[in-house]
Asker: 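My questions will all concern the structure given below.
Here the structure is a predicted model, which means the values were calculated and not measured. Lettering follows sequence order; numbering is per chain, from 1.
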Protein chains: 2
Amino acid sequence: MTKEEKIIHTSIRLFNENGFHGTATSKIAKEAGVANGTLFQYFPTKENLILASFISIKEEMKQHLLNNLSDTSNTKQLMKAHIVLSLTWAVDNPTKFAFLQQFHSSPYLYKLDSARLAEYNKPHLRIIQQAIDEKLIKPLSVDLIYALISSHTYGLYQFISLQKHTKKEQAESIEKGFELLWKMLN
Amino acid sequence: MTKEEKIIHTSIRLFNENGFHGTATSKIAKEAGVANGTLFQYFPTKENLILASFISIKEEMKQHLLNNLSDTSNTKQLMKAHIVLSLTWAVDNPTKFAFLQQFHSSPYLYKLDSARLAEYNKPHLRIIQQAIDEKLIKPLSVDLIYALISSHTYGLYQFISLQKHTKKEQAESIEKGFELLWKMLN
DNA sequence: TATGTGATTGACTAATCAGTCATAAAAGTA
DNA sequence: TACTTTTATGACTGATTAGTCAATCACATA
């Protein structure tokens, strides 16, 4: 782990525990095991560090999807894989997932280039359009479907993480959750 | 508007604009038109003010539901009314709704008594149980259904507030959104 | 009018924090 | 080894902030 990675890693954890402004840069540096000034060598401002933490998580999620998405021609299976992979990643990385939530409902969201943000959604939007074209799901607005799928996935995550489930029960809830979603959309 | 109300009102707006720690108590006092010390007479600490702002919004929503929920014996209509009223309130009070989101994904959430928080959900859980008992919806876990309804409602809000919709189009989206939800659950 | 009471004020303070910078250590190069 | 460049350090600073408190005000009652 490089110093830069150690800083990002520690940031995510501390920002989650104490909020953005509630976490001092000096504390991040200390817990990451680097000097105060070193942090500012990699991230010139605190805001920069917050945005970099967010981007880092988004990139990690993106890679996780790319690495685990087997190329199936079946659109329904592909959509299901997107959702299941997102959910299992969230369950395995609760701190990072919570960071995303906190970031999304913070003023920092608007400091990011919206085009760059939109880039992360494109694969999801593309597959929704594909499902509509193949008449697998209702011909509603792609944006509406995306909003509903995202929030459904989030709601399912909330439920799963609140229950003290075994891995197997978690998988069953995810399966059931997808069935419900699919029933709603087709 | 009493000074206490003015402080809460200003807090909600500023906390939303600049985050919790990004908003100085002195700024809140100034914009609320009261002296610095007055704020601390009503709210002994900043955390106290943040929690009070949250509770104030929850109480307002609760009252909004109580005042507008016509007593129908039809469980489906009652459930629909819950969702539609929550959504129209959110659309009419975007700042307050955003505050709730920010609060929910912040460390302050855990400073509140969880029993008190649960109290606000009870009416919703009761009606879900009722719908299950009447075999209107699938016999899934009440907590799961609550999580799915909440997130569905939130997703629908996200979609509506992003579109530049007229009031009529908003109402149509809400109607459509409920139909989709109902299809999923029954 | 005089007196008592609670609300209101804002200057003040001790503490904290983001960011700087002169110096030093480490790594690279010849 | 001798020299250069890059990376890392941590003490320091100017600015900001939550919370205090002695003084003042508004208003009631007699």
Side-chain angles (χ1 to χ4, degrees), chain A residues 1-57 95 99 102-103 105-113, chain B residues 1-57 95 99 102-103 105-113:
Chain A
M1 230 178 180
T2 66
K3 295 197 184 225
E4 193 177 352
E5 286 166 340
K6 271 193 232 165
I7 294 168
I8 289 261
H9 189 258
T10 309
S11 288
I12 292 169
R13 183 171 56 83
L14 291 180
F15 284 145
N16 238 11
E17 284 170 15
N18 316 306
F20 293 123
H21 293 262
T23 307
T25 51
S26 55
K27 200 176 178 188
I28 295 171
K30 200 176 184 179
E31 296 211 16
V34 302
N36 220 315
T38 305
L39 185 148
F40 287 95
Q41 208 119 51
Y42 290 102
F43 309 98
T45 66
K46 188 181 180 180
E47 180 176 309
N48 196 295
L49 172 59
I50 293 170
L51 301 182
S53 300
F54 175 76
I55 293 291
S56 147
I57 298 174
T95 309
F99 180 95
Q102 194 185 357
F103 186 90
S105 53
S106 84
Y108 290 104
L109 179 65
Y110 306 102
K111 304 274 176 173
L112 269 177
D113 178 30
Chain B
M1 229 179 182
T2 66
K3 294 197 187 230
E4 192 176 350
E5 287 166 339
K6 270 193 233 167
I7 293 168
I8 289 261
H9 189 257
T10 310
S11 289
I12 292 169
R13 183 170 55 81
L14 291 181
F15 284 144
N16 238 10
E17 285 170 15
N18 316 305
F20 292 124
H21 293 263
T23 308
T25 51
S26 56
K27 200 177 179 189
I28 295 171
K30 200 175 185 180
E31 295 211 19
V34 304
N36 220 315
T38 306
L39 185 147
F40 288 94
Q41 208 115 52
Y42 290 102
F43 309 98
T45 65
K46 188 179 180 182
E47 180 175 308
N48 195 296
L49 173 58
I50 292 170
L51 301 182
S53 300
F54 175 77
I55 293 291
S56 148
I57 298 175
T95 309
F99 180 95
Q102 195 186 353
F103 186 90
S105 52
S106 84
Y108 290 104
L109 179 64
Y110 306 101
K111 304 272 176 173
L112 269 176
D113 178 30

Asker: side-chain contact (heavy atoms from CB on, under 4.5 Å) for Glu31(A) and Arg13(A)? Distances and angles first, verdict last.
Answerer: CA-CA 10 Å; Glu31(A) 296 211 16; Arg13(A) 183 171 56 83; 2.7 Å; yes
Asker: Can Ile8(A) and Tyr42(A) be said to form a side-chain contact (heavy atoms from CB on, under 4.5 Å), step by step?
Answerer: CA-CA 10 Å; Ile8(A) 289 261; Tyr42(A) 290 102; over 6 Å; no
Asker: One pair to check against side-chain contact (heavy atoms from CB on, under 4.5 Å): Phe20(B) and His21(A). What are the steps and the verdict?
Answerer: CA-CA 8 Å; Phe20(B) 292 124; His21(A) 293 262; over 6 Å; no
Asker: Between Lys3(B) and dG6(C), is there a contact of a side-chain N or O with OP1 or OP2 at under 4.0 Å?
Answerer: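 For dG6(C), OP1/OP2 do not have a side-chain N/O of Lys3(B) under 4.0 Å.
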Asker: In this structure, how many angstroms lie between the C1' atom of dA18(C) and the CZ atom of Phe15(A), rounded?
Answerer: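 Taking CZ of Phe15(A) and C1' of dA18(C), I get 12 Å after rounding.
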Asker: Take atom NE2 of His21(A) and atom P of dA15(D), then tell me their distance rounded to the nearest Å.
Answerer: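 Interatomic distance, NE2 of His21(A) to P of dA15(D): 20 Å.
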Asker: Using atom CD of Gln41(A) as one end and atom P of dC21(C) as the other, report the distance to the nearest whole Å.
Answerer: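 Answer to the nearest Å: 13 Å.
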Asker: Starting at CD of Glu47(B) and ending at P of dG19(D), how long is that distance when rounded to a whole Å?
Answerer: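 So the CD-P distance, Glu47(B) to dG19(D), works out to 9 Å.
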Asker: What's the verdict on side-chain contact (heavy atoms from CB on, under 4.5 Å) for Phe103(A) and Leu112(A), showing C-alpha distance, side-chain angles and the deciding distance?
Answerer: CA-CA 11 Å; Phe103(A) 186 90; Leu112(A) 269 177; 3.8 Å; yes
Asker: Can you figure out which of dA18(C), dT9(C), dT9(D) approaches the side chain of Thr38(B) most closely?
Answerer: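 Side chain of Thr38(B) sits closest to dT9(C).
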Asker: Within this structure, what is the CG-CD1 distance for the pair Leu49(A) and Ile7(A), rounded to the nearest 0.5 Å?
Answerer: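 Taking CG in Leu49(A) and CD1 in Ile7(A), the distance rounds to 7.5 Å.
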Asker: Regarding Thr2(A), tell me which of base, sugar-phosphate or nothing describes its non-hydrogen contacts under 4.0 Å with the strands shown.
Answerer: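 Nothing: the residue Thr2(A), judged by heavy atoms under 4.0 Å, touches no strand.
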Asker: Please report, rounded to the nearest Å, how far the P atom of dC21(C) is from the CG atom of Leu39(A).
Answerer: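 Nearest whole value for this atom pair: 17 Å.
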Asker: Check every strand shown and say whether Tyr42(B) touches a base, only sugar-phosphate, or nothing at a heavy-atom separation below 4.0 Å.
Answerer: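 The answer is sugar-phosphate, as Tyr42(B) gets under 4.0 Å only of primed atoms, P, OP1 or OP2.
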Asker: How many Å lie between NZ on Lys46(B) and P on dA18(D), as a whole number?
Answerer: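 Rounded to the whole Å, the gap is 4 Å.
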Asker: Please find the pair of heavy atoms, one from Thr23(A) and one from Leu14(A), that lie closest to each other, and give the distance.
Answerer: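 That would be OG1-O, 3.1 Å.
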Asker: Taking only the side-chain heavy atoms of Phe40(B) (C-beta and beyond), determine which of dT9(C), dT20(C), dT20(D) contains the nearest atom.
Answerer: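 In terms of side-chain proximity for Phe40(B), the closest of dT9(C), dT20(C), dT20(D) is dT20(D).
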Asker: Just the rounded figure in Å: distance from P of dG10(D) to NZ of Lys30(A).
Answerer: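 Atom-to-atom, Lys30(A) to dG10(D), this comes out as 12 Å.
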Asker: Out of dG19(D), dA18(C), dT9(C), which has the shortest distance to the side chain of Ala35(B)?
Answerer: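 When the side chain of Ala35(B) is considered, dT9(C) is the closest of dG19(D), dA18(C), dT9(C).
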Asker: Which whole-number value in Å describes the distance from Lys27(A) NZ to dA15(C) P?
Answerer: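 Rounding to the nearest Å, NZ of Lys27(A) and P of dA15(C) are 18 Å apart.
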Asker: Choosing from dT9(D), dA11(C), dT17(D), which nucleotide comes nearest the side chain of Ala24(B)?
Answerer: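 Given the options dT9(D), dA11(C), dT17(D), the side chain of Ala24(B) is closest to dT17(D).
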Asker: Supply the atom-to-atom distance Lys46(A) NZ to Ile50(A) CD1, rounded to the nearest 0.5 angstrom.
Answerer: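 Output value for this atom pair is 6.0 Å.
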Asker: Is there a side-chain contact between Thr25(B) and the phosphate of dA18(D), meaning an N or O under 4.0 Å from OP1 or OP2?
Answerer: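 Thr25(B) to dA18(D) OP1/OP2: side-chain N or O found under 4.0 Å.
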Asker: Please list every stem that involves DNA chain D, where a stem is a run of 3 or more consecutive Watson-Crick or G-U wobble pairs with both pairing distances under 3.5 Å.
Answerer: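 When the pairs of DNA chain D are grouped into runs of at least three, the stems are C:1-30 with D:1-30.
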